[in-house]
Each structure stands twice: as C-alpha cells, then as structure tokens.
Amino acid sequence: MKAERNEQGLLKGLAQNDSKAVETLYKSHFTMIQHFVENNNGSFDDARDIFQEAMIALYEKVQLDSFVLTCQIKTYLFSICKHLWLKRLHQMGKYSSPLSGQEESIFVENDLGLIEKKDAAFAIMDRALNSLGEPCKSLLEGYYLNKKGMQELASQFGYTNADNAKNQKYKCLMRLKKLFFAQYNIGD
Amino acid sequence: MEDIQLLENIEKYLSGELSDQERVQFDVIRQKSADIDQMVVEHKLFLDQMEAYAKRKNVAQTSHQVFSSLLANGEWVPIESAAPPTKLIQLWSKYKKGIAIAASFGGFVAIFTSIIVMYLSPSLNGSQLLQLSKAVEVIKKNQQAQGYLLNEVKTKVPENAKLISGGSGFLIDTKGYIITNAHVLKGNGAIVINSKGQELNATIIYSDITNDLALLKIEDKDYKQPKAIPYAIRRKISDLGEEIFTLGFPRNDNDIVYGKGYLSAQTGYEGDSSSYQIQISANPGYSGAPIFNSNGELIGVISTRQKLAEGVAFAVKSTEIIEVVNALKLDEKTKNINIKLQRFSSSPSKNRKSQLDNLKNFMYSVRSFN
C-alpha cells in the first residue's frame with residue numbers, strides 16, 4: 001500500500017511539473033531503459049530521447065481526469081519505451097517484421113493513439129507559434145504561457161503603454177488562431 | 001476596437017474574472033447571439049490547447065534539465081555500443097537476442113496494458129468529444145416545413161426542453177455524421193436513437209432548407225463507431241422503375257420499419273430536378289429515411305413535404321448529400337469538418353433479411369427539441 005501511495009505521489013508531482021518527482025522517476029527507471037535500448041541496437045542518446053518521450057506520454061496520461069494507476073510506473077514506462085523504440089527501429093529499416101502481437105496492438109490502438117493525438121495538437125501549436133515571428137511569438141508566450149501582465153509586457157517590449165501592448169497582442173493572437181485552426185481539425 | 005473588447009471580455013468570462021452580474025449579462029448575450037456563443041466556444045478550445053501546450057512544454061524542459069544535471073553528476077555511464085553500425089549481421093544477431101528479452105516481458109506487460117486501456121479509453125473519448133461538440137455548434141432554425149409532434153419521453157433531452165419534431169436519419173460517416181431532413185429539426189437541439197433504442201446526444205451542424213437536408217453529428221461517449229458504412233452514396237441519377245427500399249422510424253415506439261417500392265419519376269414535385277418521385281408508403285416519421293436500390297447503394301432521402309395521393313412520396317437525390325458535404329467547405333465554421341463519403345457498397349447479401357439486419361445498425365431515429 002505504501003509503495004502504491006508513493007507512486008501516486010510521483011505521478012501527482014509529474015502532473016505539477018515538480019522537478020523532485022521527475023528526478024525520482026529518472027533515478028528509479030532510466031537505467032532499465034538504457035539497458036533495453038543499448039542492448040537493442042541503440043545508443044545512450046537514443047535511450048535519453050525515448051525516455052523523454054515516455055515521460056511526456058506518462059505526463060499526458062496523468063493529466064486526464066479519468067487517470068487511474070493500474071500498474072506500476074515501471075511497467076508502464078517500460079512498455080511505452082519498448083513500443084517507441086521498436087517503432088523507431090522499424091522506421092530506420094533495422095527491424096523489418098511488423099510490430100505484431102496482441103500486446104502491441106492493444107497498445108497502439110488505444111493508449112498510444114490518444115497520446116499521438118495530443119502529440120499532434122502540440123505540434124500544431126508549436127508550428128503555429130514558431131511561424132508567427134517576433135515580437136508576436138514572445139509577446140503571446142509572455143502573456144499566455146508565462147502569465148505576465150500587460151503592464152510588464154509593455155515595458156519589456158518597449159510599448160508606450162499597456163493599451164498599445166494589448167492592441168499588439170490582439171493582432172498577434174488573431175494571427176496565431178488563424179494559423180492554429182488552419183491545421184487543427186475540429187471535426188476529427 | 002470593438003473586437004478587441006469583445007475578445008477581452010470573452011477571456012475574462014472564461015477565466016472567471018467577471019463579476020456575477022457581468023457574468024449573467026454575458027450569458028444572456030451568448031444565448032441571443034449564436035455568433036458570439038461560437039466565438040466563446042472556439043476561444044475556450046484554443047485557450048485549453050494553449051494551456052496544454054504550455055504545461056507540456058514546461059514538463060519537457062524540466063525533464064531535460066533533470067536528466068542533464070543527473071548525467072553531469074555521474075548518475076549513469078553511457079555504454080558505447082561495441083558493434084559499429086556497418087556490421088549488419090552482428091547487429092542482427094545482437095538484436096534478435098534483445099527481442100527475446102523483450103518478448104519475455106511481453107506477456108505480463110500485455111495484461112497490465114489491457115487493464116489500463118480498459119479503464120481509460122471510453123472516458124477519454126468522451127471528454128474530448130464533448131469539448132469539440134460545442135465548437136461546431138451551428139444552429140439554424142427551420143420553421144418552414146412540417147414535422148410531427150412527439151410524446152414526451154424520458155431522455156437525454158435536457159430538462160425543461162420540449163420535444164417538438166422528429167424523423168429518421170442515417171450515418172454517412174463512421175465518425176458519427178448523420179443525414180436527415182432539415183424539416184425534421186425544428187428545434188435547436190437534437191438527440192438520436194439507434195435501432196437498439198439507445199439515445200445519443202447530437203449536434204446540428206448544417207441545415208439546408210431549400211433542399212431539405214441537414215447534417216447532425218453524434219457527440220456522445222456512448223457512441224460506438226462502426227468500422228465502415230456498408231452503402232455508397234450514389235453519384236449518378238437512378239433509373240425509372242428501379243426497385244427501392246427504405247428503413248425508417250415512422251412510429252412513436254421507435255421500432256424500425258421496412259418499406260419497399262419503386263422509383264416512379266426522375267424528378268420530384270412540379271418537376272423539381274433535385275428530387276425523385278417514389279412509390280412507397282411513407283408516413284411522416286419516414287422523413288429523413290434513406291432510399292436504397294437493390295445494389296445496396298443509397299440513392300436518396302425521403303422528404304415528405306407535400307401531402308399527395310396515397311403511397312406517393314418524394315426523395316431528395318443522393319447527389320444533394322454530396323452538395324451538402326461540399327457546402328461545409330465553404331463555411332469558415334465548418335470547413336475543417338472532414339467527411340468521407342463511402343464510394344463503394346459492400347456486396348449486398350442475397351438475403352434481404354440479413355442485409356436489413358446489418359443496415360439497421362446505421363439507421364437512427366432523430367428527435368429535435370427546444
């Protein structure tokens with residue numbers, strides 16, 4: 001029971017972006033993934049990338065209201081990493097047989113499918129923000145991501161007053177929304 | 001300037017910064033103006049995405065920093081791969097060994113995975129869909145045509161809402177898009193009921209009064225997406241005298257009813273080229289029901305607007321469904337909806353009975369409320 005509570009605490013920490021929790025996850029589980037990847041045709045850097053991706057996947061999963069921990073974090077991370085790594089090997093053409101087996105298909109169709117959707121939404125927002133150009137990108141990031149006030153942004157970006165900054169922010173926001181919704185498919 | 005203020009107010013409204021009184025006023029504005037309501041919903045969706053983006057970015061950054069500092073502190077030592085990448089055979093044998101290890105994990109991983117998946121998947125879809133449903137709410141009222149009054153039933157219809165019209169409908173895309181008659185939707189909300197009697201929430205996406213067609217989307221976590229639609233939407237005009245049949249929900253008890261007939265004219269009422277005249281016993285509740293030919297292609301949609309001689313009815317041609325789908329692309333609010341119309345019918349079974357058994361899974365009773 002105690003171990004279970006610890007795991008719940010770790011996941012809660014991950015959801016809140018607590019670096020202590022992230023550190024514990026790395027310390028407890030990275031070695032396992034490192035061995036798996038290194039023993040399967042990969043490098044240390046590959047293991048790092050895969051683990052980072054798996055952490056994001058775990059984070060997205062924990063974000064959901066309905067999230068229930070039904071297995072150990074270790075089990076979960078390992079299966080995600082395994083899937084991601086086999087997929088990458090497959091893409092590189094080093095592993096030619098399809099990712100088959102029941103275990104894999106359950107994973108791909110349900111869990112990873114949902115995470116891939118989140119990945120896609122994230123990528124669309126990322127592209128949209130990056131194609132905005134400056135100062136729009138920093139202005140919007142300052143306001144919406146870093147939650148800075150208009151007054152603070154006005155002085156940071158050299159606008160004469162908060163109203164000017166607000167005007168500029170509005171124009172930038174309209175452009176961002178247009179870019180975002182051009183790719184984000186509401187119907188799907 | 002006005003737009004800026006409107007957006008500012010929407011942001012305040014969404015973040016809960018408005019006073020109670022302002023909030024009530026804003027709710028009234030939302031109710032009155034579908035455009036503003038749409039803006040609110042869209043902006044909420046956008047801000048939610050932005051929030052998710054920001055949080056995830058922060059987590060990725062933390063993860064990266066934590067890894068770098070642990071690595072710098074000597075937590076892990078990279079093992080350099082012994083085999084250079086050119087020695088393919090060596091790599092292969094090495095890899096095979098790895099797979100064996102991986103496979104031994106496979107069994108127990110599978111059990112846990114399926115449990116996680118079981119717990120998670122339905123509710124995930126639900127929340128996602130619910131959020132999206134609001135984003136495509138385009139509500140148009142239709143007062144021109146006639147529907148029929150329904151008895152009150154215990155339903156997913158919101159409390160205090162009154163059922164005012166109903167008819168039949170059918171899926172055109174497995175994602176939950178349903179075609180029905182525009183005149184079936186006299187209210188501004190809708191639910192659909194499948195042939196098993198299960199109710200599902202739906203949103204009105206598009207309504208074309210001239211052609212009497214409307215598009216709904218099922219927005220319900222209980223909706224089980226079928227693999228494929230078994231009928232193609234016919235892109236050509238059908239022949240005179242062709243044998244046709246229909247499936248609809250003309251009765252109040254929600255039982256599906258089968259009807260058979262033939263195509264009696266290639267044009268509709270007063271020579272209307274967008275519809276057919278059909279010989280079939282059509283009751284009012286058949287409005288919006290599909291017409292199939294013997295190849296299992298969908299050739300039209302029943303629209304019983306004119307009161308005529310017994311057994312004579314009209315059906316909107318299937319080509320008009322294609323027009324509806326095309327029209328979505330022209331509207332800013334609906335242009336991102338991606339509907340794929342089936343081009344080929346799955347081979348109809350020789351036995352009409354089993355064919356109907358399959359088809360009825362794609363038929364819905366439609367009810368509209370205010």
Side-chain angles (χ1 to χ4, degrees), chain A residues 14 17 19 22-23 26-27 30-31 34 36 38-44 48 51-52 55-56 59-61 63-68 70-71 75-76 78-79 82 86 94-95 101-103 106-107 110-111 114 117-118 121-122 125-126 144-145 166-167 170 173 177 180-181 184-188, chain B residues 3-4 7-8 42 45-47 49-60 62-67 70 75-76 78-81 91 94-95 97-99 101-102 105-110 112-117 119-121 123-124 127-128 132 135-136 175 217 334 336-339:
Chain A
L14 177 65
N17 193 24
S19 59
V22 174
E23 190 178 314
Y26 266 108
K27 277 185 170 170
F30 181 71
T31 310
Q34 185 196 347
F36 171 70
E38 284 179 343
N39 285 323
N40 286 287
N41 226 358
S43 66
F44 184 79
R48 179 198 60 200
F51 196 82
Q52 168 96 352
M55 289 278 271
I56 295 293
Y59 160 79
E60 289 286 18
K61 214 167 147 57
Q63 282 296 296
L64 302 156
D65 300 334
S66 52
F67 178 75
V68 185
T70 49
C71 69
T75 314
Y76 187 75
F78 185 79
S79 29
K82 184 182 152 202
L86 292 186
K94 286 185 179 172
Y95 177 45
Q102 200 170 7
E103 164 224 344
I106 290 169
F107 227 137
N110 295 287
D111 223 23
L114 287 158
K117 257 186 205 164
K118 298 219 163 206
F122 181 85
M125 187 64 88
D126 205 47
Y144 289 103
L145 272 54
K166 205 184 281 176
N167 257 323
Y170 176 77
L173 181 65
K177 280 181 81 166
F180 177 76
F181 281 111
Y184 186 83
N185 197 339
I186 289 178
D188 265 359
Chain B
D3 286 345
I4 298 187
L7 190 86
E8 206 181 335
E42 188 202 75
L45 173 68
F46 178 79
L47 288 181
Q49 288 294 337
M50 195 83 148
E51 183 76 18
Y53 174 82
K55 282 169 93 177
R56 173 166 166 168
K57 218 175 159 154
N58 288 335
V59 169
T62 307
S63 168
H64 186 73
Q65 278 165 359
V66 166
F67 178 84
L70 284 173
E75 180 77 23
W76 309 292
I79 305 165
E80 278 314 313
S81 177
L91 280 174
K94 196 177 173 189
Y95 184 57
K97 208 165 137 195
I99 280 296
I101 300 166
F105 275 93
F108 94 100
V109 166
F112 284 117
T113 316
S114 54
I115 293 169
I116 308 173
V117 162
Y119 271 101
L120 284 172
S121 31
S123 37
L124 293 184
S127 65
Q128 221 155 21
L132 294 176
V136 284
K175 289 193 281 290
K217 176 155 197 245
T334 53
N336 286 326
I337 294 175
N338 182 16
I339 293 183

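Protein chains get the first letters and strands the later ones, always in sequence-line order, with residue 1 at the start of each. None of these values were measured; they are calculated from a predicted model. Hydrogens, waters and symmetry mates are skipped; everything else that's a heavy atom, side chains included, is used.
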Exercise for the section: On the 0 to 90° scale, with breaks at 30° and 60°, tag the B/Phe67-A/Tyr26 ring pair as parallel, tilted or perpendicular. Expected result: tilted
Practice task
Rounded to the nearest 0.5 Å, what's the gap from CD1 on B/Ile4 to NZ on A/Lys166? Could you check?
Solution key: 8.5 Å
Problem - Minimum heavy-atom distance between B/Ala60 and A/Gln52, given as atom pair plus value - result: O-NE2, 3.1 Å
Practice task
Find the distance between NZ (A/Lys177) and CD (B/Gln49) and round it off to the nearest 0.5 Å.
Solution key: 12.5 Å
Problem - Residue pair A/Phe30, B/Leu70: steps toward the side chain to side chain contact (heavy atoms under 4.5 Å, CB included) verdict - result: CA-CA 11 Å; A/Phe30 181 71; B/Leu70 284 173; over 6 Å; no
Exercise for the section: First locate atom CG of B/Asn58, then atom OH of A/Tyr59, and finally report the distance between them rounded to the nearest 0.5 Å. Expected result: 8.0 Å
Exercise for the section: Measure the CD-OG1 distance between A/Glu23 and B/Thr62 for me, rounded to the nearest 0.5 Å. Expected result: 12.0 Å
Fill in the blank from the handout: Residue set satisfying side chain to side chain donor-acceptor pair (under 3.5 Å) with A/Arg48, at least two apart, ordered chain then number -> none
Handout entry: side chain to side chain donor-acceptor pair (under 3.5 Å) partners for B/Tyr53, two or more places apart
Key = A/Asp126, B/Lys57
Handout entry: Interchain contact, A/Leu14 with chain B, by part (heavy-atom threshold 4.5 Å)
Key = both
Handout entry: Donor-acceptor pair, side chain of B/Asn336 and main chain of A/Phe181, under 3.5 angstrom
Key = yes
Exercise for the section: Could you have a look at B/Glu51, B/Lys55, B/Gln65 and say which one has the most heavy-atom pairs with chain A under 4.5 angstrom? Expected result: B/Lys55
Completion exercise
Correct closest heavy-atom pair for B/Val66 and A/Ser19 would be CG2-O, 3.9 Å
Exercise for the section: Tell me, for B/Ile339 versus chain A, whether the close heavy atoms (under 4.5 Å) come from the side chain, the backbone, both or neither. Expected result: neither
Handout entry: Closest-packed option against chain B by number of heavy-atom pairs under 4.5 Å, given A/Phe51, A/Tyr144, A/Phe122
Key = A/Phe122
Exercise for the section: Run the numbers on B/Arg56 and A/Ile56 for side chain to side chain contact (heavy atoms under 4.5 Å, CB included), then give the verdict. Expected result: CA-CA 7 Å; B/Arg56 173 166 166 168; A/Ile56 295 293; 3.3 Å; yes
Problem - chain A contact via B/Glu8 - which portion, at a heavy-atom distance below 4.5 Å - result: side chain
